[in-house]
Novice: 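Would you mind keeping the following structure in view while I ask a few things?
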Amino acid sequence: MPEGHVVHRQARELNKLFTDRIVEVSSPQGRFAKSASVLNETKFAKSRAYGKHLFINFEHGEVIHIHLGLYGKWTFLNHTPEPVGLIRLQISTPESCAQLRGPNACTLISPAEVKTMRAKIGPDPIRRDDPSAAREKVLASSTPIGVLLMDQTLFAGVGNIYRAEALFRAGINPQIQGKELTSKQFDLMWNDLVELMKIGVRRGRIDTVRPEHMPQAMKRAPREDRHGGEVYVYRRTGLPCFICSSEIAESDMRGRNLFWCPTCQK
DNA sequence: GGGGTATGAAGAC
DNA sequence: TCTTCCTACCCCA
């Protein structure tokens with residue numbers, strides 16, 4: 001259940017384990033079996049992450065496109081066990097094994113299709129892409145900024161947690177239209193995402209609480225969050241804001257859970 | 001054992 | 001805006 005930082009980490013891990021290695025490729029669950037058999041015993045070239053999309057290149061130009069969706073998950077092991085659960089894709093060498101479960105997408109695509117997909121992926125804060133085009137679109141949009149932040153053509157790799165946390169840190173109400181933001185606010189938020197997501201890639205978790213608010217954050221109930229990081233608002237509904245003590249609010253925004261502080265994000 | 005939930009996004013209306 | 005897809009895990013009985 002990843003946002004962009006996780007996918008970038010997975011791309012690195014796959015490269016570490018398999019780049020330039022002849023790999024076994026299989027699909028124990030069967031749904032990717034035909035493509036897997038084409039790639040089996042060929043050389044793994046390189047994996048790359050763009051936003052939440054992962055592309056794996058093989059020696060003869062074949063590419064696997066993977067999108068984890070809500071449930072997708074990679075497991076990395078130093079041995080190849082008997083399959084447990086539904087494994088869509090397994091890549092292995094005698095020393096390493098990567099198992100993919102529950103992806104939204106796992107397909108063999110052509111270089112031309114890679115190009116088409118890449119064109120639809122917007123600037124990625126982790127790749128330090130140029131956000132100029134996204135800035136222009138956001139500042140002209142009558143769509144709420146909370147919706148725009150989830151638009152992968154504008155903010156590739158940003159998901160529900162980074163959305164909520166970036167808006168909180170900027171003191172911006174999620175309902176505000178894109179065009180109500182100033183250029184400066186956009187840049188501050190973009191640069192903040194660059195920083196937050198860089199930390200996310202390094203640590204493998206989402207931490208957004210500034211040092212001065214950590215004492216309040218550490219006082220919370222130990223079971224309060226299960227996503228692993230220290231955050232201001234994500235899944236803290238009804239709990240006191242670390243800055244103003246107001247209750248964190250939750251609502252539905254276009255089918256996704258939205259969290260914010262009604263006081264700090266007027 | 002069943003129901004609800006989840007860090008996502010495409011496609012049908 | 002709604003439905004669908006994909007899987008594991010948690011909570012409750």
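Because the structure is predicted, anything quoted here is derived from the model rather than measured. Every chain is numbered from 1, with letters handed out A, B, ... down the list of sequences.
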Novice: Specify whether Phe259(A) and Tyr234(A) have parallel, tilted or perpendicular ring planes, treating 30° as the upper limit for parallel and 60° as the lower limit for perpendicular.
Specialist: perpendicular
Novice: Sticking with atom C1', work out how far dC9(C) lies from dA9(B), rounded to a whole angstrom.
Specialist: 22 Å
Novice: Looking at dT7(C), I'd like to know if its phosphate oxygens (OP1 or OP2) sit under 4.0 Å from a side-chain N or O belonging to Lys73(A).
Specialist: no
Novice: Atom NE2 of His53(A) to atom C1' of dT7(B): distance rounded to whole Å?
Specialist: 15 Å
Novice: Tell me: CZ of Phe259(A) to C1' of dT7(B), nearest whole Å?
Specialist: 10 Å
Novice: Relative to the ring of Phe55(A), is the ring of His65(A) parallel (under 30°), tilted (30 to 60°) or perpendicular (over 60°)?
Specialist: tilted
Novice: Measure from NZ or CZ of Arg127(A) to the centre of the six-membered ring of Tyr50(A), then state whether that distance is under 6.0 Å and the direction lies within 45° of the axis.
Specialist: yes
Novice: Within the pair Arg31(A) and dC6(C), is there a side-chain N or O less than 4.0 Å away from OP1 or OP2?
Specialist: yes
Novice: Counting any heavy atom closer than 4.0 Å, what does Leu86(A) reach on the DNA or RNA strands: base, sugar-phosphate only, or nothing?
Specialist: sugar-phosphate
Novice: Provide the distance between the two P atoms, one in dA8(C) and one in dA10(B), to the nearest whole Å.
Specialist: 23 Å
Novice: Rounding to an integer number of Å, can you tell me how far His67(A) NE2 sits from dG11(B) P?
Specialist: 13 Å
Novice: If you take atom types as modelled and just measure distance, does the side chain of Tyr71(A) reach the base of dA6(B) with a donor-acceptor pair under 3.5 Å?
Specialist: yes
Novice: Expressed in angstrom and rounded to an integer, what is the separation of Ile66(A) atom CD1 from dA9(B) atom P?
Specialist: 15 Å
Novice: If you compare every side-chain N and O of Arg101(A) against the phosphate oxygens of dA8(C) (OP1, OP2), does one of them come in below 4.0 Å?
Specialist: yes
Novice: To the nearest Å, give me how far apart CG (Leu100(A)) and C1' (dC6(C)) are.
Specialist: 10 Å
Novice: Please give the distance between the P atoms of dG4(B) and dT3(C) as a whole number of Å.
Specialist: 15 Å
Novice: Can you see if the side chain of Gln29(A) gets near the phosphate of dT7(C) - specifically, an N or O under 4.0 Å from OP1 or OP2?
Specialist: yes
Novice: Would you kindly give the CD1-to-C1' distance between Ile206(A) and dA6(B), to the nearest whole Å?
Specialist: 13 Å
Novice: So if I take every side-chain heavy atom of Arg254(A) and compare against dT7(B), dC6(C), dT1(C), which nucleotide ends up nearest?
Specialist: dT1(C)
Novice: Do other residues, nucleotides or ligands put more than 12 heavy atoms under 6.0 Å from Glu113(A) CD?
Specialist: yes
Novice: Roughly how many Å is it from NZ in Lys120(A) to C1' in dG11(B), rounded to a whole number?
Specialist: 12 Å
Novice: Do Arg163(A) and Phe168(A) form a cation-pi contact, if we require the NZ or CZ to be under 6.0 Å from the six-membered ring centre and within 45 degrees of the ring's axis?
Specialist: no
Novice: Would you indicate, yes or no, if dA10(B) has its OP1 or OP2 atom less than 4.0 angstrom from a side-chain nitrogen or oxygen of Asn104(A)?
Specialist: no
Novice: Grab the CG-C1' distance between Asp207(A) and dT7(B) for me, whole Å please.
Specialist: 14 Å
